Amino acid sequence: MAHEKHVSDLIPAYALGALDEAEAAGVRAHLDTCALCQEELQAYEEAAGVLPLALPPDVPPPHLKAAVLSAIGSVERAPLAPQQPSAMARLVAFFRQPLRVWALVGLLAVLVLGASNLALWREVQRLQGTQAQAMQVVVLSGTELVPQATGSMVIGRDGLVGTLVVDGLPQLDEAHEYQLWFIEDGQRTSGGVFKVSEEGYGSLYIHAPRPVSSFSALGVTIEPAGGSPGPTGDKVLGVDF
Amino acid sequence: MQLHKLSDENLMQRIAAEQPDALGVLYDRYSRLVFSLALNAVGERSTAEEITQEVFLQVWKKATTYRPERSKVVTWLSSIARYRAIDAWRRQSARPVVQADFWTEAGALTDPLDVEHSVELRHRARQVRAALANLPPEQRQALALAYFRGYTHREIADELDTPLGTVKTRIRLAMQKLRNLLEEVSVDEGPI
């Protein structure tokens, strides 16, 4: 596939996580469709990956190895890389209570029908038009700070694109926005920023860097307008996978 | 089966198959690297030990998600360790300052019992130090702030009181040179 503009100049900094959110989002979107830039990224990630070898070495205490090996018994293993059957298994487990299923469907219907956002309605329609078993829904819960808040992320068949719909969040001032985070191995990757209406309703089109189900958690925090490289503010919504 | 003779990728397969001995060998190979990275970030040994333990438990937990076609094991492991270290550093109230030249000529990062991989790692470490030594100090410092502190361009510019465009150029040039130098050495050496 030909591309009018590669992101070669930005890839070295992207490999380090040194881009601001807007630039990083642009690079992510380009990488999804450019094998050449994906190869470039892999080469720069390999270069960055060996930087710690140059550090002054230090030796951990001898007991640490035994501590690691004795602790693995209590660690829950990750399943194999997400494939449709395991995502379906999680979806089925999530919806095993019928009342909860219809409550969620009802919530989505209210949120959609109550929305004046025609684009959101069309997006949900498009996602619902795909095979039903390919669509995933993830529910985010409000934290102690905003217990009445809820969020639903509808993810399309490829596991990468979808829409986050939120309700019950307080409207923020002009200097702040809500920011979505994909969380894995201590790393927080921004999923974008959004605002909510006076009624506390808002939505965000998402384009994840890799399948959403491969992350360990999602979170939404309050950040300065335009977003932050990493979470700095209060968490308002979250879910652990 | 002599596990210490296996490649990193083969060890990861065995770890994914829930073989603790394989994790032990991987720990022997890379615990110093992970611990050094953590200690460099937080400046305090007990916290660095906690981070090191968390990293290898994460390796055990996520071994089934590792894909050799996407990255080498050391790259994957370094990435896990790096972000744990950055998170821990950000949570600290008293934060160690990044030195411009803390990449030094120093001793081995390696396990004396795993000779073959020790030699390989020491060799690679020398290559990385040599590549870094070829960078101008200002590029090394910008690179260090980006890699070890997780700073963005803008944060580095604020930290160093340097124009944003200058920082962007330094990071880009440093990474390009690092990649090119490491690739040149790999090509020159070729197969044995």
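Protein chains get the first letters and strands the later ones, always in sequence-line order, with residue 1 at the start of each. Remember, predicted model here, so these are calculated numbers, not experimental data.
Between B:S31 and B:T52, the closest heavy-atom pair is O-CG2, 4.4 Å. Between B:R14 and B:A22 the shortest heavy-atom distance is CB-CB, 3.7 Å. Considering every non-hydrogen atom in both A:L41 and A:L31, the closest pair reads CD2-CD1, 3.6 Å.
Classification of A:E23 and B:R154 as a salt-bridged pair fails, no side-chain N sitting under 4.0 Å from a carboxylate O. Salt bridge annotation for A:R28-A:E21: present, with a cationic side-chain nitrogen under 4.0 angstrom from a carboxylate oxygen. With respect to A:E184 and B:K62, a salt bridge is recorded, a charged nitrogen being found less than 4.0 Å from a carboxylate O.
For chain B, the option among A:L19, A:L10, A:I11, A:V68 with the highest count of heavy-atom pairs below 4.5 Å is A:V68. Highest contact tally toward chain B, considering only A:P12, A:P60, A:G49, is held by A:P60 [criterion: heavy-atom pairs under 4.5 Å]. Residue with the most contacts toward chain A among B:I171, B:L37, B:D21, B:I156: B:L37 (heavy-atom pairs, distance under 4.5 Å).
A:P147 meets the side-chain contact (heavy atoms from CB on, under 4.5 Å) test with no other residue; sequence neighbours excluded. Not counting sequence neighbours, the partners of A:A208 by the side-chain contact (heavy atoms from CB on, under 4.5 Å) test are A:F182, A:V212.
Sorted by first then second residue, the side-chain hydrogen bond (donor to acceptor under 3.5 Å, both in side chains) pairs that include residues 71-82 of chain B, not counting sequence neighbours, are A:E46-B:T75.
Both the backbone and the side chain of B:Q53 come within contact range of chain A, each with at least one heavy atom under 4.5 Å from a heavy atom of that chain. There is no contact between B:E50 and chain A, counting heavy-atom distances below 4.5 Å. Only the side chain of B:E155 has a heavy atom closer than 4.5 Å to any heavy atom of chain A.
The interface of residues 160-168 of chain B with chain A, defined by heavy-atom distances below 4.5 Å, comprises B:K168.
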